[in-house]
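To start, the structure under review is shown below, and the notes come after it.
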Amino acid sequence: MALSGNPKKLAQDIAGGYFSITPPMMRQYTPADLKTIVVNLGIVARDIRQEQVPQDDALAIKQKNTRLSRLNQAEIVIRAHCKKLRIPI
């Protein structure tokens with residue numbers, strides 16, 4: 001099944017916690033779709049890292065780190081799935 005919608009929006013939803021990547025769910029995507037998702041995860045992670053948050057605002061720092069953590073975890077899950085099935089990305 002091809003990606004429906006904007007892949008960057010999917011990555012933003014993953015960062016926001018509205019969508020999560022699981023290994024059974026990835027079976028529906030083609031290798032090209034998985035590569036597109038990984039690229040967009042990197043783009044959104046770069047955008048989040050560029051955000052400037054005040055050093056004294058602990059809640060904003062925690063939210064930023066949580067979003068980055070979700071993106072990194074999704075990328076790890078996708079890369080592990082591709083490695084298991086020997087899909088080059």
Side-chain angles (χ1 to χ4, degrees):
M1 183 173 112
L3 282 173
S4 59
N6 187 353
K8 186 172 181 183
K9 182 64 178 163
L10 174 67
Q12 291 171 343
D13 287 346
I14 291 170
Y18 302 112
F19 190 77
S20 63
I21 297 282
T22 60
M25 186 209 68
M26 287 187 292
R27 283 188 232 139
Q28 64 186 343
Y29 295 120
T30 64
D33 292 339
L34 292 173
K35 183 175 177 101
T36 303
I37 293 171
V38 168
V39 167
N40 283 287
L41 287 173
I43 291 170
V44 172
R46 186 174 52 223
D47 291 343
I48 292 173
R49 281 190 208 102
Q50 288 178 352
E51 291 177 7
Q52 296 292 323
V53 294
Q55 293 294 331
D56 57 345
D57 191 359
L59 185 59
I61 293 171
K62 181 180 177 185
Q63 289 174 344
K64 179 179 174 180
N65 289 336
T66 302
R67 290 185 294 161
L68 284 171
S69 175
R70 288 183 190 127
L71 289 173
N72 287 333
Q73 185 62 34
E75 186 172 349
I76 288 169
V77 169
I78 292 172
R79 289 191 185 276
H81 174 75
C82 291
K83 185 176 182 180
K84 181 179 176 184
L85 297 179
R86 296 183 181 185
I87 298 172
I89 55 171

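Worth saying up front: this structure is predicted, and the values here are computed from it rather than measured. Numbering starts at 1 and runs along the sequence shown.
Residues His81 and Ile21 have side chains not in contact (no heavy-atom distance under 4.5 Å, counting atoms from C-beta outward). Looking only at side-chain heavy atoms (C-beta outward), Arg46 and Gln50 come within less than 4.5 Å of each other. Side-chain atoms of Arg67 and Glu51, non-hydrogen and from C-beta on, do get closer than 4.5 Å to each other. Within the 4.5 Å cutoff, the side chain of Val77 has heavy atoms near those of the Met26 side chain.
There is no path of hydrophobic side-chain contacts, each under 4.5 Å, that joins Ile89 to Val39. By the rule that hydrophobic residues join a cluster once side-chain heavy atoms approach within less than 4.5 Å of another member, Leu34 and Phe19 end up as members of one cluster. Both Met25 and Leu3 belong to a common hydrophobic cluster when Ile, Leu, Val, Met, Phe, Trp and Tyr are linked at side-chain heavy-atom distances under 4.5 angstrom.
Heavy atoms of other residues, nucleotides or ligands lying less than 6.0 angstrom from NZ of Lys64 number more than 12. Around atom CD of Gln55, no more than 12 heavy atoms belonging to other residues, nucleotides or ligands sit under 6.0 Å away.
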Please list every donor-acceptor pair under 3.5 Å in which a side-chain atom of residues 6-18 meets a protein atom from a residue at least two apart or in another chain.
{"from": "Asn6", "atom 1": "OD1", "to": "Lys8", "atom 2": "N", "distance (Å)": "3.1"}

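A distance of 9.0 Å separates CZ in Arg27 from OG1 in Thr22, rounded to the nearest 0.5 Å. Taken from OG1 in Thr66 to CZ in Arg70, the straight-line distance is 6.0 Å, to the nearest 0.5 Å. To the nearest 0.5 Å, atoms CZ (Arg49) and CG (Asn65) are separated by 10.5 Å. Rounded to the nearest 0.5 Å, atoms CD1 (Ile78) and OH (Tyr29) are 9.0 Å apart. Ile48 CD1 to Ile43 CD1: the interatomic distance, rounded to the nearest 0.5 Å, is 12.5 Å.
Grouping Ile, Leu, Val, Met, Phe, Trp and Tyr residues whose side-chain heavy atoms lie under 4.5 Å apart, directly or via other members, places Ile61 in a hydrophobic cluster with Val53.
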